[in-house]
Amino acid sequence: MKDEITRDDRVANLKGMGCSRKRVEDARFTQGKGNYVDDIKLDGMLFGDFVRSPYAHARIKNIDISAAMEVPGVLAVLTAKDLEPLGLHWMPTLAGDKQMVLADGKVLFQGQEVAFVVAEDRYAAADGIEAVEVDYEELPVIVDPFEALKSDVVLREDTVQDGKPVDGAHGPRKHHNHIFTWEAGDKEPTEEVIANAEVVAEETMYYHRTHPCPLETCGCVASMDKVNGKLTLWGTFQAPHAIRTVVSLISGIEEHNIRVISPDIGGGFGNKVGAYPGYVCSVVASIVTGKPVKWIEDRMDNLMTTAFARDYWMTGKISATKEGKITGLHCHVTADHGGFDACADPTKFPAGFMNICTGSYDIPTAFLEVDGVYTNKAPGGVSYRCSFRVTEAVYFIERMIEVLAIKLDMDAAELRRINFIKKEQFPYKAALGWEYDSGDYHTAWDKALKTVDYDGLRAEQAQRVEDFKAGKTRSLMGIGLSFFTEIVGAGPVKNCDILGLGMFDSCEIRIHPTGSAIARLGTISQGQGHATTFAQILASEIGLPADSITIEEGDTDTAPYGLGTYGSRSTPVAGAATAMAGRKIRAKAQMIAAYLLEVHDDDVEFDVDRFVVKGAPERFKTMKEIAFAAYNQAIPGIEPGLEAVSYYDPPNMTYPFGAYVCVMDIDVDTGVTDIRRFYALDDCGTRINPMIIEGQVHGGLTEALAVALGQEIAYDDMGNVKTGTLMDFFLPTAWEVPNYETDYTVTPSPHHPIGAKGVGESPHVGGVPCFSNAVQDAFRAFGNTHTNMPHDHWRIWKTANALGLHD
Amino acid sequence: MIPAAFEYYRPTDLAGALSILEEHGDDARVMAGGHSLIPMMKLRMADVPHLIDLQDVEGLGGIEVSGDSIRLGAMVTQSDIINHAALTEAAPILREAALQIADPQVRYMGTVGGNVANGDPGNDMPGLMQCLDASFTLVGPDGSREVDAREFYEAAYMTAREDEEILTAVTIPLPKGGYAYEKQKRKIGDYATAAAAVQLVKDGESCSAASIAMTNLSDTPVYCEAAGAALVGTTLDDAAIKAAVAAMLGGIDPSEDNRGPIAFKTHVAGVILRRAIERAWSRA
Ligand SMILES: Cc1cc2nc3c(=O)[nH]c(=O)nc-3n(C[C@H](O)[C@H](O)[C@H](O)COP(=O)(O)OP(=O)(O)OC[C@H]3O[C@@H](n4cnc5c(N)ncnc54)[C@H](O)[C@@H]3O)c2cc1C
């Protein structure tokens, strides 16, 4: 008998949604055939690099470039004086502040860009940098935001007029070193609830400064073609269209004359969203010299000067009944932004989505206040593998829950359970304003606790404590719990924009006559595997195999306008646009199919890879046949071709969630941690490619482990960066990373066309508190309530020492 | 991270290398695996106008294990040590220590000679060689001389080697008894928070010989003669180990860095040494 091709075979052939399709990107990446910015080589290309400040705060009395100009191969040295006539010595930041492109009379952080040396090659540029003589007068350094708010020292001269602080981008300043105050929720009612509560727990925690540290550092190549007036800018941009618009606005070059291209990007994690002085200087240098100019950061430049993450001092009060029902939450944040506010948040949200800090809990009353402060540190404050400030928010609430559990003398898993938002409460309006789309927290939590045998773990831990007290062991056991709700997919244009650019996204599809396709999106992959997953969404939507669909992103001359990739927005926003554009294709295909089958439009229906006549499945036209007909057959009333474009403005954010458990052994004498088990249950709604999801979870957890256990950008009192190389800045390798067990539940987003929510950042958001809670939990039996991250060996040792566990 | 310009030489014999060293004095340096020197040059912390690559120099390689001693040519890599069966049999502590240095990529390039000549307090082999009572062969314009590892280190990056001398070999008396190289580090590729090299000989129930050296707890490796002496003649009971640890703590002088404050490092040094002693004893 002849083998029948079944419907299942046809579904499998598409490699559509739900299929663990192998990543199409990996063939080139694993063979070293990727094309990154530094791989771009153009005729006559020059190299630019920065003279950087050795001081954290200093006045610049003089810059002498004469010796540098004598260095063979050096062609030009740009300083603020050269940029000033062009109005380019300062540039706007995404946060509504402005930032010096090159030091304008003073420097505000160590490593700040002081002059830009342009040379024939990198080596000459490096020698030229050495030869630039800068005369600095050191000024008092402030690295502590609380001191900054008390100090007479004015860090930013543009914050003061007639001896008084002038208003900033987000309202009045409380002090000349103060940037903004941002509030959410109800102040008085919250204070009242807390004042009258049966139980109140309070804690202050420092979420230390760290850095996204993508493997590929930031860089660009600018090429001004003076003949046709076109500027081409290749770069490590997470948002190429936004960069094009910003470059146009600040340079005055018309947008059609600017082409921004993001080639392969070796990781971004938020570090590559903003605009950096290197981009501006490269463009100017290319205009001045008429030659292409390349700028590539080295590792120290990247760690010390391009956007950092976190650096939040968070003080919380959480109130509850004696039984553990939470009644109110109060949070105050002092946010250290460094010398310039160069956060990459939607403009109306100077503290990002920190107001998701009520977490996964039904908290009736809450209030949040964030004060942004200038210090002598590098600018930034980006969302390192998270939606805007969500990692901070989730860390805060997941620590406050633990602190409250201690105060109540209650099990922290149980405390979470009795406070979760219930399934039937969705869509749920949170006290700080967000409307959570969907969730089923209890199911996820119960599944997680059951899988890890939570009760068994607690029994084992109790035994360990006894053994420790009896002198039988020097190792303690920590059980880290976290339950997180992310808020991703920025976002609805009505409340999310960056410098006025609405945060929709886009997809444009062209079906070729022989039934293959190309789709272009406004996003840009930095390793997430867009070329793989977006093709899968389309395959399921339009019935052509994913292997026959090319996905292209990152070239502003060809891709439709979009706001780029960060904050897990690609699937929620561009993924939705892709599905919607696919549906437009399908709608036209339906008319063509009906014509070919000689029936009415309503008499055919879509079935995997074809349209069939209802009730007569043997009469069908495949999408491949329809595509051919679309181009080659004159169909009355239907114009030729099969193309569609969709711009998608999401009605709401999506709210992925998850339940994580970490089991850790801690050597009390050396502070060494050993992660015995890590279980991660993620609910990201509809799952497009389970293998890619798993990869994203592994990566996000690994960066969470890094941040929780050692990764930091530390400064000494003089504002010197103490962790400027990978010897001291912790980037975990296979050696430090445990085995991860992944699991899932599926609660689709009700408003997203395919129900998907985004997953790239969830594991980082949920992972950090989980690792941290494990460390803190190990010492709970000995009186610990909270210690700050990073939990590296000496800090854990210090905790044990302070609890008297060393004598 | 680009070094200043330099002249590159690749001599094929020792005499050739020595003559370049002599000609340029302070301005010349030899390079072995380059995994300490090149990073320093890239950071422009080492200025080396004349760089002499030792890779092609005849006679600097080779591992020889004989009846009473081991000879490691200066250009023997950490990876060579790890993969040499006879050497592991004769002195297993070398392999145990080499496996805790950096990562496989660094170990393919990093050499014994470079590691002991470098003079960085973070290097693991200087302390190891002091524990094993090794000696270093130095060849200069006036011929060859031997210097004991225990006499070689003067201060950070300052050793008994003269600028125009090349270290050609390390000679180690065949170690006896049980061994342990115990190292605490923050992550793979990190220098020690504290490390201990211990070699113990057991005679019946008691310890008849003990040698102990510590790494990255002072500006030089610390050979702890008194710590070893505190163990000799004992059955390694708790009091003896405590005495050895106390003697060791008297000899170290750690400084604060990103790995932690002095109190922490001192505490960890004690814990690490105790563990090394116990492990060495269990193997003696
Ligand atoms: C990421 C990383 C991690 C590391 N971690 C560790 C670690 O944990 N433990 C550790 O011990 N080391 C570590 N190292 C250093 C590594 O082991 C080096 O390879 C070693 O210190 C030097 O050996 P080399 O052959 O590379 O010497 P080079 O770098 O070539 O030379 C080092 C110095 O010694 C001098 N020199 C070299 N050979 C001779 C010779 N024959 N005679 C005279 N002078 C000579 C050179 O002039 C130079 O001053 C690490 C290195 C890296 C890059």
Side-chain angles (χ1 to χ4, degrees), chain A residues 47 49 71-73 119 121-131 217 296-302 474 667-673 705-706 709-712 714 716 721-737 790 792-798 800-801 806-807, chain B residues 1-6 35-36 39-45 47 49 99-106 120 122-123 182-196 216 238 245 254-276 278:
Chain A
F47 290 81
D49 204 352
V71 172
D121 59 47
R122 297 182 175 175
Y123 305 93
D127 290 340
I129 287 168
E130 291 276 290
T217 59
I296 302 285
E297 284 179 325
D298 68 26
R299 180 62 58 195
M300 290 179 80
D301 294 341
N302 181 254
R474 296 293 297 159
D667 182 334
V668 171
D669 293 317
T670 60
V672 174
T673 48
L705 174 148
L709 299 186
Q711 187 179 82
E712 65 174 324
D716 69 12
V721 179
K722 298 200 291 177
T723 51
T725 75
L726 296 185
M727 181 59 77
D728 288 308
F729 184 86
F730 176 37
L731 206 60
T733 67
W735 191 266
E736 289 85 15
V737 172
D792 51 6
H793 297 166
W794 82 262
R795 288 180 175 99
I796 291 180
W797 176 86
K798 198 174 97 181
N801 199 263
H806 287 148
D807 11 79
Chain B
M1 297 281 270
I2 289 175
F6 55 85
H35 273 55
S36 288
M40 297 292 272
M41 290 170 66
K42 284 182 158 188
L43 291 166
R44 299 203 176 205
M45 284 159 78
D47 182 22
L99 278 170
Q100 296 180 67
I101 292 176
D103 54 54
Q105 282 175 306
V106 174
D120 185 325
N123 280 131
E182 184 87 24
K183 175 177 176 180
Q184 179 164 337
K185 54 185 173 181
R186 294 170 296 179
K187 56 174 183 178
I188 215 74
D190 192 19
Y191 292 94
T193 302
N216 219 11
D238 192 51
V245 168
S255 50
E256 174 166 352
D257 60 19
N258 288 328
R259 293 179 187 85
I262 293 169
F264 165 69
K265 289 190 173 183
T266 307
H267 188 109
V268 170
V271 175
I272 290 296
L273 177 57
R274 170 177 279 272
R275 288 180 188 172
E278 285 168 355

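Order of the sequence lines fixes the chain letters, A, B, ..., with proteins taken first and strands second; residue numbering starts at 1 for each chain. All values below come from the heavy atoms of this structure, side chains included, with hydrogens, waters and symmetry mates left out.
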Minimum heavy-atom distance between B/Asn258 and A/Lys722, given as atom pair plus value = ND2-O, 2.7 Å
Could you check which of A/Asp49, A/Asp669, A/Ile129 has the highest count of heavy-atom pairs closer than 4.5 Å to chain B?
-> A/Asp669
Close side-chain approach of A/Thr670 to B/Arg275, heavy-atom, < 4.5 Å | yes
Using non-hydrogen atoms and a 4.5 Å limit, figure out which bit of B/Ala263 sits close to chain A: side chain, backbone, both or neither.
-> both
Under the salt bridge (charged side-chain N to carboxylate O under 4.0 Å, His left out) rule, what do B/Arg259 and A/Asp792 come out as? Steps first, then yes or no, please.
-> CA-CA 9 Å; B/Arg259 293 179 187 85; A/Asp792 51 6; over 6 Å; no
Kindly give the heavy-atom pair with the smallest separation between B/Arg44 and A/Ala126, and that separation in Å.
-> NH2-CB, 3.6 Å
Which region of B/Lys42, side chain (C-beta onward) or backbone (N, CA, C, O), has a non-hydrogen atom less than 4.5 Å from a non-hydrogen atom of chain A, or is it both or neither?
-> neither
From B/Asp190 atom CG to A/Glu736 atom CD, the distance as rounded to the nearest 0.5 Å = 9.5 Å
Taking B/Lys265, B/Met1, B/Lys187 one by one, which has the highest count of heavy-atom pairs under 4.5 Å against chain A?
-> B/Lys187
Drop me the distance from A/Leu709's CG to B/Arg186's CZ, to the nearest 0.5 angstrom.
-> 13.5 Å
Okay, A/Glu130 and chain B: the region with an atom under 4.5 Å from a heavy atom over there is side chain
Which region of A/Asp298, side chain (C-beta onward) or backbone (N, CA, C, O), has a non-hydrogen atom less than 4.5 Å from a non-hydrogen atom of chain B, or is it both or neither?
-> side chain
Which atoms of A/Met727 approach chain B - backbone, side chain, both or neither, heavy atom under 4.5 Å = both
From CD1 (B/Ile2) to CZ (A/Phe47), nearest 0.5 Å | 9.0 Å
Classify the angle between the aromatic ring planes of B/His267 and A/His806 as parallel (below 30°), tilted (30 to 60°) or perpendicular (above 60°).
-> tilted
Proximal component of A/Arg474, with respect to chain B [non-hydrogen, under 4.5 Å] | neither
Gap separating the OG1 atom of A/Thr725 from the CG atom of B/Leu43, nearest 0.5 angstrom | 8.0 Å
Between the CZ atom in B/Phe264 and the NE2 atom in A/His793, the distance rounded to the nearest 0.5 Å is 7.0 Å
